[in-house]
Amino acid sequence: MDTHTTAAPVPTSPRCCIAGGGPAGMVLGLLLARAGVPVVVLEKHLDFLRDFRGDTVHPSTLEVLHELGLLDAFLQRPHNRIEELRGTYEGRSVTIADFRRLPTHARFLVLMPQWEFLDFMCDEARRYPSFELWTDAEATGLLQDNGRVNGVKVRVGARSPDSGGPKDIELHASLIVAADGRHSTLRDAAALPHISYGAPIDVLWMRIPKLPGDPEATGGHIAAGRLLVTLNRGDYWQCAFVIRKGGRVELQSRGIAAFHAEIARIAPFFATRLPEALPDWEAVKLLEVSVDRLESWSCPGLLCIGDAAHAMSPVGGVGINLAVQDAVAAANLLAASLAGSATDKEIDTLLPQLQRRREWPVRVTQAAQRLVQDRVLMPVLSRKAATAAAASSSIAPRPMPLALRLLGRWPWLRTLPARAVGIGVRPEHVQSPRK
């Protein structure tokens, strides 16, 4: 795949430098370049090809693409269209969310490899001459002048075999945006305090081949005190196995065959292909879940967005949604000033406004995620896995939870989880100018 990215050239002085080539960084880079702002996006890897990144593109993000006139072109990229989210509870099927009634132009959720999403955004951003993407360029620290951030330290060439070795350079800009994820180097360099809520769960990610006769629906499966989320990726399933925080060691101690048996109890149609799909623990990747939020998203010259400002739980898969919404709101707030002659001081006065705009949606979403973790996921994981004897006995299955029974009885209720996942709280719309 050609990402059309560039290695770091001779240092320039852009108006804005964005650390992080993920969804938040690339969407903001496109919107600022569209407004005529000279912007550099730093991506520490050589390309976007990394597996087990968030692959859901929500209706709210698709609405942003529609407002930019890019939705039809975007949907030409390989993707799976999801109109309903379905699940099974102790073998019984239930529809959880129905996106077809949402008040958006795209009434569905898209599953697309994140590298395809980022590559598309990069291609569109490069249509504007003020946009640059530097690959193999990692922001390692901040530059300051009289207490104000005015640039970043960048290490280039650390991953390319043809670079001649790593080199440290300095890149100055009127505004630095930290979009470098939940382990943000720039957030730590600025010593911005944060509130950590912890998380009682971790997630094991894996891919399992898809075979003829498999169910088509993307959704979740609950059985025997375990939870497995299966995302239909066309020729394979991307799967998330939810475990208690720190439970990987205990799971590994029982061996990979025992893990195969755990998955087969939840999704029996996987049973025969697991030894080949997951021959050892190298095929199983750990996502350590954390939920936190900065107390202040900015300081003079620096703004944090996306996971750098608020790490989200994987519950609902809404982390990308929140990151893109941050980027749209940031462009609405800052693009005109950055494209014009605003002074550094004038830019600094705008930065706290983004937090005032976006913090409430983040708080509500994180509170809902923590509620689901504590009231839904942990009770499921607290049940003892069914033994083979119990599984083969005539013991009646557990009653389906009330919420799932209601969703099964009244289809209109399925719009509520669809709206929470697909649109979220206070969706943003493109208001930034186009040069």
- Could you check whether the rings of Trp281 and Phe259 sit parallel, tilted or perpendicular, using 30° and 60° as the cut-offs? tilted
- Message: Would you call the rings of His310 and Trp297 parallel, tilted or perpendicular, taking 30° and 60° as the class edges?
- Response: tilted
- Message: With a 4.0 Å cut-off on N to O distance, would you call Asp348 and Arg148 a salt bridge?
- Response: yes
- Task: Inspect the contact between Asp202 and Lys245 and indicate whether a charged nitrogen and a carboxylate oxygen are less than 4.0 angstrom apart.
- Result: yes
- Test item: Ser313 side-chain N/O and Val315 main-chain N/O as donor-acceptor pair under 3.5 Å: yes
- Run the salt-bridge test on Glu138 and Arg155 with the 4.0 Å N-O cut-off and return the result as yes or no. no
- Message: Under 4.0 Å between a side-chain nitrogen and a carboxylate oxygen: does that hold for Arg77 and Asp119?
- Response: yes
- Checking ring pair (Phe, Tyr, Trp, His ring centres under 6.0 Å) for the pair Phe120/Phe74: CA distance, chi angles, key distance, verdict? CA-CA 7 Å; Phe120 177 83; Phe74 177 73; 5.3 Å; yes
- For Gln366 and Arg293, does a side-chain donor sit closer than 3.5 Å to a side-chain acceptor? yes
- Message: A quick test of your reading: do over 12 heavy atoms of other residues, nucleotides or ligands sit less than 6.0 Å from NZ of Lys153?
- Response: no
- Item | Quiz item: cation-pi between Arg100 and Phe108, 6.0 Å / 45° | no
- With Thr218 as reference, evaluate Asn80, Leu109, Thr56, Ile82 under the side chain to side chain contact (heavy atoms under 4.5 Å, CB included) test and give the passing residue. Ile82
- Item | Test salt bridge (charged side-chain N to carboxylate O under 4.0 Å, His left out) applied to Glu132 and Arg126, step by step | CA-CA 7 Å; Glu132 292 183 56; Arg126 284 172 61 86; over 6 Å; no
- Message: Name the residue from Leu186, Leu302, Leu143 that meets the side chain to side chain contact (heavy atoms under 4.5 Å, CB included) definition with Val152.
- Response: Leu186
- Query: Is the shortest distance from a Lys or Arg side-chain nitrogen in Arg127 or Glu124 to a carboxylate oxygen in the other one below 4.0 Å?
  - Reply: yes
- Task: State whether the side chain of Arg101 and the backbone N or O of Asp98 hold a donor-acceptor pair below 3.5 Å, judged by distance alone.
- Result: no
- Is it the case that Arg207 places NZ or CZ above or below the six-membered ring of Tyr236, under 6.0 angstrom from the centre and within 45 degrees of the axis? yes
- Start with the C-alpha gap between Asp47 and Trp115, add the side-chain angles, then the distance that decides, and say whether side-chain contact (heavy atoms from CB on, under 4.5 Å) holds. CA-CA 8 Å; Asp47 53 40; Trp115 61 79; over 6 Å; no
